[in-house]
2 protein chains.
Amino acid sequence: MSTTDKVLAAIDAGFDGSLARLLEFLRLPSISTDPAYRPHCRAAAEWLAATLVDAGFEAEIRTTPGQPMVTGHAKDTAAGAAGPTVLFYGHYDVQPADPLDLWQAPPFEPFVETGPDGVKRIRGRGASDDKGQLMTFVEACRAWRQVTGSLPLAVRLLFEGEEESGSPSLVPFLEAHRQDLQADLALVCDTTQWDADTPAIVTSLRGMVYEQVTIIGPSRDLHSGMYGGPARNPINLLARILADLHDSDGRVTLPGFYDGVPETPEALKAQWRELGFDEAAFLGEVGLSVPAGERDRSVLEKIWARPTCDVNGIWGGYTGEGSKTVIPSRASAKVSFRLVGTQDPVRISKAFHDFVRSRLPADCTAEFWSRDGSPAISLPIDGREVARARDALEAEWGRAPVMMGSGGSIPVVGHFKRLLGMDSLMIGFALEDDQIHSPNEKYDLKSFHKGIRSWARVLGALAGV
Amino acid sequence: MSTTDKVLAAIDAGFDGSLARLLEFLRLPSISTDPAYRPHCRAAAEWLAATLVDAGFEAEIRTTPGQPMVTGHAKDTAAGAAGPTVLFYGHYDVQPADPLDLWQAPPFEPFVETGPDGVKRIRGRGASDDKGQLMTFVEACRAWRQVTGSLPLAVRLLFEGEEESGSPSLVPFLEAHRQDLQADLALVCDTTQWDADTPAIVTSLRGMVYEQVTIIGPSRDLHSGMYGGPARNPINLLARILADLHDSDGRVTLPGFYDGVPETPEALKAQWRELGFDEAAFLGEVGLSVPAGERDRSVLEKIWARPTCDVNGIWGGYTGEGSKTVIPSRASAKVSFRLVGTQDPVRISKAFHDFVRSRLPADCTAEFWSRDGSPAISLPIDGREVARARDALEAEWGRAPVMMGSGGSIPVVGHFKRLLGMDSLMIGFALEDDQIHSPNEKYDLKSFHKGIRSWARVLGALAGV
């Protein structure tokens, strides 16, 4: 029985303990975007540090101006370990849980349920994004140490608590701790598989620009009877501006928006077609049937290789029960852009501000709040580490991983490259239907279990064991 | 000293008491649109009924499916009173107070302040709309009775508690109580003066259609990374639909919307020009300088004689602090239309529903909630009663009242005409800057005092005293 097989056996034997630890972790409402939850983020950081120590790491909680970082490194590495030094990254913060009334159970009282399909799922905010995912790696390391007394290669850890709120402290932290964090390769577990039976390695990520705009018209709320007609209504104006962001072909109209957007190579499109992706099923699963966005592009291309603009939130005027005939003084929206290729977040943020301002009458003003943007990323798909990870995943799943793009943004991957000169190996076990950022978030028990086993194999493979 | 002069003297002598009663009334948060305030509406109805009895009326609280009605009639009418029987109408409910953080003092803790301009103002929700206004009539009756032991003509009273929430119980109530409410003329005190020194009689009112729409796209909230592009975003869609409601000339685009909208006669426009209305000052007072709405029409024409469409509220997605990259399942808006001429509320409501549905992709749906609409109204400006009221107001203010249009809707005036065959005489003492429906609502002490004196004179004049 090979060492790796012994580690896998230990993982299976100890799985109940792994699950119990994850459920404990999920009970901590570490919502980073809402200041009211700051103490809960701190508690989650402390829980994680203690758990790392218990798993055989040295761990530290590092204070930042925002939520704390948790760092660690393996106490024991196998003598003469041959593999690269790896830095594993994950985040212990979670998305806000609203709208609460759509949750079938309280978001921070996690439990395991068996669906009508017989599939066992862990329910709760953060089950998939990213607490469940980061714990797959921690539990894999725990098993290696339990069986061999050490890890097969040098492992460093970085867990942040601000991933869901724009990571304001991340860049300064990376700059200040280059030494402790330096490694040959970053391992990131915050992405999805291709499907429930097929693993994936993510080789490209979309970037992000996130803007909040408030349009201010009258100096106070007005009665629409006395003022309706001659008085500018900031909601009508905001609606017009947001509508103008897209043309009738679904393209974004910001001047220069498509600068740096590469045309997808025919060869790549052909590969994607071979994946046999079921567009109708993908949209049908969320109650949709008519693809939105740019005309004449496949759903996969839209998500993996095309930029977007979405309004993520809007509010203004009277939103209570019943009717109120008010012309409000202000109206606000949160607008985000997903970027690809070499689109420049700074220029797009500026283009958005100019776009809004150019549409304001002389007596209206706009206030902006911008989250730090991130450019899109693409990673090398050759090289020894990627090859070894592929083999390890194929051994676990019985299928070669799909080398796929991701529609999401993981800014840290860009920061690792830019600040630490490190490429990232993005392997995740989430599924499209995990409902991350939605009510009733879940993580399949199988995702968690085989995720742990997958990392155990990848660690062995990278070490050449 | 004429009887009327004695009554006016009694009003001046008793004004402190009148003010104390109004402040008591304003302490009751009778917000009709919010079910949570139902007990407070009841309390306001009870306070009003008791106050009417104290002023010499028989009063009753009439239960309805919604907020109660308060009715009354004068116990004592002057022997051989010559004038018409009048039905006075007002409403004891008030607008919601939100946004609360913009109030300089709690909305239901009213007080009298002296402005930097030396003007004394009563501050509090309902001070002007409509508690202060309805009390001008009640206090005028109180003074007449105090001086003469009776009222100079037969007076009936109707106070409703649902004016700010669409008056759902009003029509059934009028139909059920035709007998008790029948009169020769309705008196309505819910409008503004021309300016602080010039009274007005309102001869036309805009009608109203009020709609709430919810656009439903995905069956659940989605992560904009995983779904952004191919997944329909209901906020983007709602913004497009709302933007489409106006063309670039500020005209409403609903098919058939302008059916029944009369072109304003040149003669009337000329009269309005003679009023010397200061458009810049009117807009400047609320921080605006660029007239919105239809091109090539004066501000007065837009408010008095043109229909409008305003979004009164909008909400969807994440509206909390920070950022959340969500594509929400639904987005909602409250949209109202002001009507003129013979525009048909029923047809316009249907046109709006069709307009929205025609813009939905096959996989999105819309839910609607509609408040009962009301057509626009115009009233006869000749006739003995109007002439007598004009003279009475001129005697009080030293200036003839302006016969003006009003941009607001007072559906009850239409119901009185249709169900009871009664015209209404609309005389109000509110000012444009009373901030009704806004934070920091106020009613000038002068409006309240001279309002009471004005009604005392009008009652005498109608009675031919």
Side-chain angles (χ1 to χ4, degrees), chain A residues 33-34 96 165-166 210 218-226 228-233 235-236 239-240 242-243 286-293 299 302-303 306 308 310-327 336 338 361-363 371 407-409 436-438, chain B residues 33-34 96 165-166 210 218-226 228-233 235-236 239-240 242-243 286-293 299 302-303 306 308 310-327 336 338 361-363 371 407-409 436-438:
Chain A
T33 200
D34 183 343
S165 52
Y210 199 104
S219 52
R220 57 178 171 84
D221 288 0
L222 304 176
H223 177 208
S224 75
M226 279 187 188
R232 185 77 50 185
N233 183 325
I235 305 180
N236 293 35
R240 157 60 53 200
L242 295 177
V286 297
L288 297 173
S289 60
V290 183
V299 166
K302 287 173 184 172
I303 297 173
R306 300 299 301 177
T308 65
D310 272 298
V311 184
N312 303 114
I314 191 164
W315 65 102
Y318 182 66
T319 59
E321 231 186 289
S323 61
K324 184 177 176 184
T325 53
V326 62
I327 296 176
S336 64
R338 297 277 173 182
D363 55 355
R371 194 176 103 173
S409 307
I436 70 170
H437 295 210
S438 301
Chain B
T33 202
D34 182 343
S165 53
Y210 199 103
S219 52
R220 56 177 171 83
D221 288 1
L222 305 177
H223 178 207
S224 74
M226 279 187 186
R232 185 76 50 187
N233 183 324
I235 306 180
N236 294 35
R240 157 59 53 198
L242 296 177
V286 297
L288 297 173
S289 60
V290 183
V299 165
K302 286 173 184 172
I303 297 174
R306 301 298 301 176
T308 65
D310 272 296
V311 184
N312 303 114
I314 191 165
W315 65 102
Y318 182 67
T319 60
E321 232 187 288
S323 60
K324 183 177 177 185
T325 53
V326 62
I327 296 176
S336 64
R338 297 278 172 181
D363 55 355
R371 192 175 104 172
S409 307
I436 70 170
H437 296 210
S438 302

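Chain A is the first sequence line, chain B the second, and so forth, proteins listed ahead of strands; every chain is numbered from 1.
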Residue selection (most heavy-atom pairs with chain B, distance under 4.5 Å) from [options]:
{"options": "A:I235, A:V299, A:I314", "value": "A:I314"}
{"options": "A:A239, A:G320, A:G166", "value": "A:A239"}
{"options": "A:R240, A:R371, A:R338", "value": "A:R338"}
{"options": "A:G293, A:G408, A:P291, A:S219", "value": "A:S219"}
{"options": "A:L242, A:T308, A:V326", "value": "A:V326"}
{"options": "A:G287, A:G313, A:A362, A:A292", "value": "A:A292"}

Under 4.5 Å from any heavy atom of chain A, what part of [X] do you find: side chain, backbone, both or neither?
{"X": "B:Y210", "answer": "side chain"}
{"X": "B:D310", "answer": "both"}
{"X": "B:R306", "answer": "neither"}

Could you pull out the closest heavy-atom pair between [X] and [Y], with the gap in Å?
{"X": "A:W315", "Y": "B:Y318", "answer": "CZ3-O, 4.2 Å"}
{"X": "A:I303", "Y": "B:M226", "answer": "CD1-O, 3.2 Å"}
{"X": "A:G322", "Y": "B:T33", "answer": "CA-OG1, 3.4 Å"}

Inset, instruction - Tell me, out of B:G407, B:G228, B:P230, B:G229, who's got the most heavy-atom pairs with chain A below 4.5 Å. - result: B:P230
Legend entry - Interface residue of largest heavy-atom contact number with chain A, from B:S165, B:S438, B:P361, B:G317, under 4.5 Å: B:S438
Legend entry - Euclidean distance, B:R232 CZ relative to A:S289 OG, rounded to 0.5 Å: 9.5 Å
Legend entry - Value rounded to 0.5 Å, distance of CG in B:N312 from OG1 in A:T319: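 Those atoms lie 12.0 Å apart.
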Legend entry - From A:D221, A:I327, A:L222, A:T325, residue fulfilling side-chain contact (heavy atoms from CB on, under 4.5 Å) relative to B:H437: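 Running side-chain contact (heavy atoms from CB on, under 4.5 Å) over A:D221, A:I327, A:L222, A:T325 with B:H437 returns exactly one hit, A:T325.
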Legend entry - Which atoms of A:S336 approach chain B - backbone, side chain, both or neither, heavy atom under 4.5 Å: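 Side chain only.
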